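Bear in mind the structure is a predicted one, so any value in this text is a computation, not a measurement.
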Amino acid sequence: MGFLPTLPLLVEHTMRVRTRFAPSPTGYLHIGGVRTALFNWLFARKHDGQFLLRVDDTDQQRNVEEALEPILNGFRWLGLDWDEGPQAGGAGGDGDYGPYFQSQRSELYEAAAEQLVAGGFAYRDFATTEELQAEREAAQASGEAFTYSRRWMAESPEQVAKFEAEGRAAVVRLKMPREGTLVLNDLIRGEVRFDWAREQDHVIQRADGSCLYHLASVVDDRAMEITHVIRAEEHLPNTPRQVFIAQSLGYEIPEYAHLPYVAEPGSKNKLSKRKLDKYLKNRDFAALKKHGDSIAERLGLETSADTFNPVIVDFYEQVGFLPSAILNYLLLLGWSLDGEREEFTVDEMVEHFSLERVNHSPASFDPQKLMAFQERAFTQLDLKKKTALCVPFLQTAGLIDTPPACDTAPRVSAILTAAGDRVKVAGDILDYNDFFTPNEQLPLEEKAFQKRINKPEDARELLRKFADTLKTVEPFTASELDKALHGFVEREQIKIGQIIHALRVGVTGKAVGFGVFETLEILGRESCMARIQRALEHSIA
RNA sequence: GCCCCGUUGGUCUAUUGGUAAGGAUUGCAGGCUUUCAAUCUGCAGAUGAGGGUUCGAUUCCCUCACGGGGUACCA
């Protein structure tokens, strides 16, 4: 009755897989959105198909261009390239199915609405919101499910004229089936059933002629030949009305796949950009944010919740995460290959991805695990790449020149080698700012100075003596310095701890850092001498 | 209220009608160590509840609880 139990599927007739992501121009790229986009992208790439971006700006007041830029930027940074859409593919146009802004496609939607009315699948409805509300409340009071009486439905010109004479305005509503069942075969969830009787006569066009999302979405998906609609699960209950629209319009139905949403750290609530304050109470989330803050501060970045927020992709770019690490982490948030393997390059993701292995339940965003992926990916990078990633951070922080002096890269590389996996994101290079600070401007952390140089009785004397030793170490390398210090310790009959901490604080101003001998070597003899001298003269006020 | 989706250690997950329920991440304790990090060793930690079906259920079915989504002239 009414709607076909078996849906004619578009995919069977189309050679090429086409998926899409339809961001609203909100000014930021949400991490959950990235995952949805990633799965769309992976699916398209895996099947040698196409991935497109369509801007969902149907109800839209703000400046679209401006609000879209951070989103496109995020995609570019992550390497999720789109075959069609705004600013797609090099010199040519945006693609053959444009425009890719829904605000520029309204005639299409209006024509579709017209067609639905003409076909008897939709009708003009002259009910006022109050009248509708009254019906809803009545249904609720009697404990029944609300079904619109269609009292102000106008299907003939006479009815239209009559209602208009009353001064009423009409919206267009779907004339939904009131019996039967829709059996939907979701690629992730399997068979899902909906009773048509539960569906409402949804509005698809407003009185002012503008059309609503569901209509627009279905029309565009068809016009752009989308074969697989892969989207967040909150759209699952909306699917029946979209199927109804599509079928009524004579379209074939795309495949649907509904992904679980990404949840807050430590809970099953949906992750939202607006709840930063709440997430900051989560220890792990707070740690991630703090890590970012410390980098941003040294870069002189603004850290407003609108942009500098671990729920938003910009955050990761700004503090120096690797796109591949984020993608790898996000991939595992709801998808697994076999429960064992977790590391995937982007190419391997494409190779192995399948919708069948997408999980059904929401997955919490776990900052610690993201960090673990990032750390692993970053430490696996070769030195040249790491250096190239870190240099811009030093430039932005004003620690080195732009363009960098010729000895900068080797120095950064030496620091990275010595620091090992202490540098987890590119921005962590700023922990070693002391290597780029002029000797006479090196800040001495008072607490460290007090504990390691000022307070121990013999520290100053030992440091002075060791400085003399330092003058003669040749070559001035970590291994020679190591020998020299150990010889010194033996001669002075002291424990290594009595000198080494003072030495570190003296030359870096800090209590923590990587190996002291590497530190000395990278600094060079001259700087070491100058800094030690300065530390010896320093006193606490 | 009604409809839909979901529920394995803190978190991400694997597997199976018969498992010591596996991996990852995290946590804790200890070792190493010039600080920090890393590393090594050890430890801890899960099938939401109740009913069925079955010789046997984490797995299949039902009910409940909990979480989420939808029920908009939002997307």
Side-chain angles (χ1 to χ4, degrees), chain A residues 22-24 26 56-60 102 125 127 129 132 136 139-141 143-146 169 171-173 184 186 188-189 192-195 197-200 202-208 210-214 216-217 231-241 258 260-261 263 265-270 282-284 329 332-343 357 359-373 375 379 419-424 431 448 452 482 485 489 495-505 508 510-517 519:
Chain A
S24 306
T26 50
D56 184 350
D57 56 350
T58 45
D59 89 321
Q60 185 47 61
Q102 294 194 309
D125 180 53
T129 42
L132 224 45
R136 248 188 273 266
Q140 187 144 24
E144 280 166 39
F146 168 67
V171 297
V172 175
R173 282 182 189 281
L184 194 71
D186 187 277
I188 292 172
R189 281 151 214 278
V192 184
R193 292 163 177 273
F194 298 91
D195 286 338
R198 311 252 175 227
E199 299 298 320
Q200 301 299 320
H202 299 283
V203 173
I204 53 173
Q205 186 173 27
R206 300 184 179 95
D208 67 6
S210 62
C211 292
L212 267 15
Y213 165 77
H214 293 286
S217 173
R231 64 201 343 181
E233 69 174 295
E234 50 262 40
H235 289 282
L236 183 54
N238 297 150
T239 308
R241 81 180 85 152
H258 292 275
Y261 60 89
S267 103
K268 288 292 183 205
N269 292 17
K270 201 165 92 169
N282 175 284
R283 192 175 109 247
D284 303 334
Y329 172 71
L332 273 319
L333 213 52
W335 179 89
S336 68
L337 181 65
D338 54 12
E340 298 285 320
R341 179 167 169 192
E342 294 204 321
E343 250 182 287
R357 292 204 57 91
N359 234 79
H360 298 190
S361 49
S364 298
F365 174 73
D366 181 355
Q368 287 189 133
K369 191 149 181 175
L370 202 212
M371 204 61 206
F373 273 76
E375 183 180 343
T379 51
D421 35 30
R422 272 165 271 240
V423 176
K424 302 179 196 312
D431 286 343
R452 299 301 192 183
D482 191 332
L485 188 97
V489 162
K495 284 192 215 146
I496 196 164
Q498 288 174 262
I499 176 69
I500 206 159
H501 295 115
L503 188 54
R504 177 192 303 284
V505 173
T508 67
K510 297 173 183 170
V512 300
F514 49 74
V516 164
F517 307 117
T519 301

- Query: How close or far is atom C1' of B:rG70 from atom OH of A:Tyr261, stated in whole angstroms?
  - Reply: 13 Å
- Item | Donor-acceptor pair between A:Thr508 and A:Arg504 side chains, under 3.5 angstrom | no
- Query: So, does the side chain of A:Lys424 form a donor-acceptor pair with the base of B:rA37 at under 3.5 Å?
  - Reply: no
- Give A:Lys369 one of three labels, base, sugar-phosphate or nothing, depending on what nucleic acid heavy atoms sit under 4.0 Å from its own. base
- Message: Under 4.0 Å, counting only non-hydrogen atoms across every strand here, what does A:Phe514 touch: a base, just sugar-phosphate, or nothing?
- Response: base
- For B:rC2, the Watson-Crick or wobble partner whose two distances fall under 3.5 Å: B:rG70
- Message: Within the 4.0 Å heavy-atom criterion, would you say A:Arg193 contacts the bases, only the backbone, or no part of the nucleic acid?
- Response: sugar-phosphate
- Task: For A:Gly513, answer base if it contacts any base atom (sugar-phosphate contacts may also be present), sugar-phosphate if it contacts only those atoms, and nothing otherwise; contact means non-hydrogen atoms under 4.0 Å.
- Result: base
- Note on the structure: When both distances are under 3.5 Å in a Watson-Crick or G-U wobble arrangement, the nucleotide paired with B:rA29 is B:rU41
- Query: Under 4.0 angstrom, heavy atoms only, what part of the nucleic acid is A:His258 near: base, sugar-phosphate, or nothing?
  - Reply: nothing
- Query: How would you label the contact of A:Arg231 with the nucleic acid (heavy atoms, under 4.0 Å): base, sugar-phosphate, or nothing?
  - Reply: nothing
- Message: When both hydrogen-bonding distances must be under 3.5 Å and the geometry is Watson-Crick or G-U wobble, what is B:rA14 paired with, if anything?
- Response: none
- Message: Students often get this wrong, so: under 4.0 angstrom with heavy atoms, is A:Gly515 touching a base, only sugar-phosphate, or nothing?
- Response: base
- Message: Strictly by Watson-Crick or wobble contacts shorter than 3.5 Å, is anything paired with B:rC64, and which nucleotide is it?
- Response: B:rG48
- Query: Does the A:Ser364 side chain pair with the main chain of A:Ser267, one donor and one acceptor, at a distance under 3.5 Å?
  - Reply: yes
- Check every strand shown and say whether A:Asn269 touches a base, only sugar-phosphate, or nothing at a heavy-atom separation below 4.0 Å. sugar-phosphate
